[in-house]
Amino acid sequence: VQLQASGGGLVQAGGSLRLSCAASSRTFSTYDVGWFRQAPGKEREFVATISRSGGRKYYADSVKGRFTISNDNLKNTAYLQMNSLKPEDTAVYYCAATWRPYWSGSDYRPRVVDDYDYWGQGTLVTVSS
């Protein structure tokens with residue numbers, strides 16, 4: 001599956017953005033989706049993940065309560081709604097997908113890079129203070 005991330009931009013601290021991750025596959029509903037971000041000079045870090053049904057979600061502590069992940073399988077698109085943005089949220093944001101059934105019968109949440117099989121190209125989010 002090919003993923004296309006979009007929606008990044010420049011926003012002031014306290015503002016909001018919504019990122020989209022459009023998938024090429026009509027079987028998008030068979031993939032779990034995650035969002036990661038990478039700031040300059042830092043490693044790629046986990047932000048949020050959602051199960052393929054959309055019923056279960058998991059967030060990094062740094063974004064919990066501010067960001068919301070969702071998916072629309074009819075549109076083959078996942079979203080990351082980002083509110084109350086902070087300068088430290090500045091990064092390139094990547095969406096990723098996996099066919100592996102991490103959420104089935106396990107407490108494990110896919111939150112490392114190697115958990116995902118497909119990656120989008122990234123979209124830049126810049127938060128000014």
Side-chain angles (χ1 to χ4, degrees):
V1 61
Q2 292 183 325
L3 304 174
Q4 179 78 32
S6 62
L10 175 63
V11 63
Q12 289 188 334
S16 299
L17 281 175
R18 188 178 80 156
L19 305 183
S20 298
C21 177
S24 62
S25 174
R26 293 182 180 180
T27 60
F28 186 60
S29 61
T30 62
Y31 295 91
D32 300 331
V33 174
W35 284 95
F36 288 73
R37 64 187 182 186
Q38 188 166 17
K42 295 188 176 181
E43 293 187 351
R44 194 168 298 189
E45 66 172 3
F46 169 76
V47 175
T49 184
I50 186 168
S51 63
R52 57 203 66 188
S53 69
R56 287 173 286 182
K57 305 173 185 180
Y58 182 76
Y59 298 91
D61 288 344
S62 58
V63 306
K64 200 173 297 182
R66 301 188 297 122
F67 290 10
T68 302
I69 190 171
S70 61
N71 59 9
D72 185 337
N73 288 331
L74 293 178
K75 295 183 179 180
N76 298 325
T77 303
Y79 304 96
L80 185 68
Q81 177 67 43
M82 306 186 296
N83 298 329
S84 302
L85 282 161
K86 305 175 181 179
E88 52 263 43
D89 294 318
T90 295
V92 176
Y93 283 71
Y94 297 89
C95 61
T98 178
W99 56 267
R100 287 172 273 179
Y102 289 108
W103 295 83
S104 299
S106 168
D107 292 333
Y108 182 74
R109 303 294 174 250
R111 57 189 184 275
V112 300
V113 170
D114 288 345
D115 288 339
Y116 292 85
D117 307 297
Y118 307 99
W119 290 84
Q121 85 291 358
T123 185
L124 177 62
V125 172
T126 304
V127 184
S128 63
S129 57

Q. Ser20 and Thr77: which non-hydrogen atoms are nearest, and at how many Å?
A.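 Residues Ser20 and Thr77, closest heavy atoms: CB-CG2, 4.2 Å.
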**Q.** Minimal non-hydrogen separation, Leu17 against Leu85, with atom names
**A.** N-CD1, 3.9 Å
With rounding to the nearest 0.5 angstrom, report the [atom1] to [atom2] distance, [X] to [Y].
X     : Y      : atom1 : atom2 : value
Trp35 : Phe67  : CH2   : CZ    : 11.0 Å
Met82 : Arg18  : CE    : CZ    : 11.5 Å
Ile69 : Cys95  : CD1   : SG    : 9.5 Å
Phe36 : Asp115 : CZ    : CG    : 7.0 Å
Gln81 : Leu19  : CD    : CG    : 8.5 Å
Asn76 : Leu3   : CG    : CG    : 10.5 Å

Q: Go through the steps for Ser16 and Asn83 under the test side chain to side chain donor-acceptor pair (under 3.5 Å), then give the verdict.
A: CA-CA 4 Å; Ser16 299; Asn83 298 329; 2.9 Å; yes
Side-chain ([X]) to main-chain ([Y]) donor-acceptor, under 3.5 angstrom:
X      : Y      : answer
Arg66  : Ser84  : yes
Tyr58  : Pro110 : no
Arg111 : Arg109 : yes
Arg52  : Ser29  : no
Asn73  : Ser53  : no

Q: Only pairs at least two apart or in different chains count here, so list each ring pair (Phe, Tyr, Trp, His ring centres under 6.0 Å) that has a residue in residues 70-107.
A: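 Found Tyr102-Tyr108.
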Flag side-chain contact, heavy atom, 4.5 Å: [X] against [Y]:
X     : Y      : answer
Val47 : Val63  : yes
Arg37 : Ser62  : yes
Val33 : Tyr116 : no

Q: Tell me whether Leu80 is reachable from Val92 by hopping between hydrophobic residues (I, L, V, M, F, W, Y) whose side-chain heavy atoms are closer than 4.5 Å.
A: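 Looking at the clustering, Leu80 is in a separate group from Val92.
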Donor-acceptor contacts, no H, no angles, side chain residues 120-129, under 3.5 Å, sequence neighbours left out:
{"unit_1": "Gln121", "atom_1": "OE1", "unit_2": "Ala5", "atom_2": "N", "d": "3.2"}
{"unit_1": "Gln121", "atom_1": "NE2", "unit_2": "Ala5", "atom_2": "O", "d": "2.8"}
{"unit_1": "Thr123", "atom_1": "OG1", "unit_2": "Gly8", "atom_2": "N", "d": "3.0"}

Q. What do you reckon, is NZ of Lys57 surrounded by more than 12 foreign heavy atoms closer than 6.0 Å?
A.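 Yes, because the 6.0 Å sphere around NZ of Lys57 holds more than 12 heavy atoms from other groups.
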Q. Would you call Lys86 and Asp89 a salt bridge, using N to O less than 4.0 angstrom?
A.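 Here Lys86 does not pair with Asp89 in a salt bridge, since their nearest N and O are not under 4.0 Å apart.
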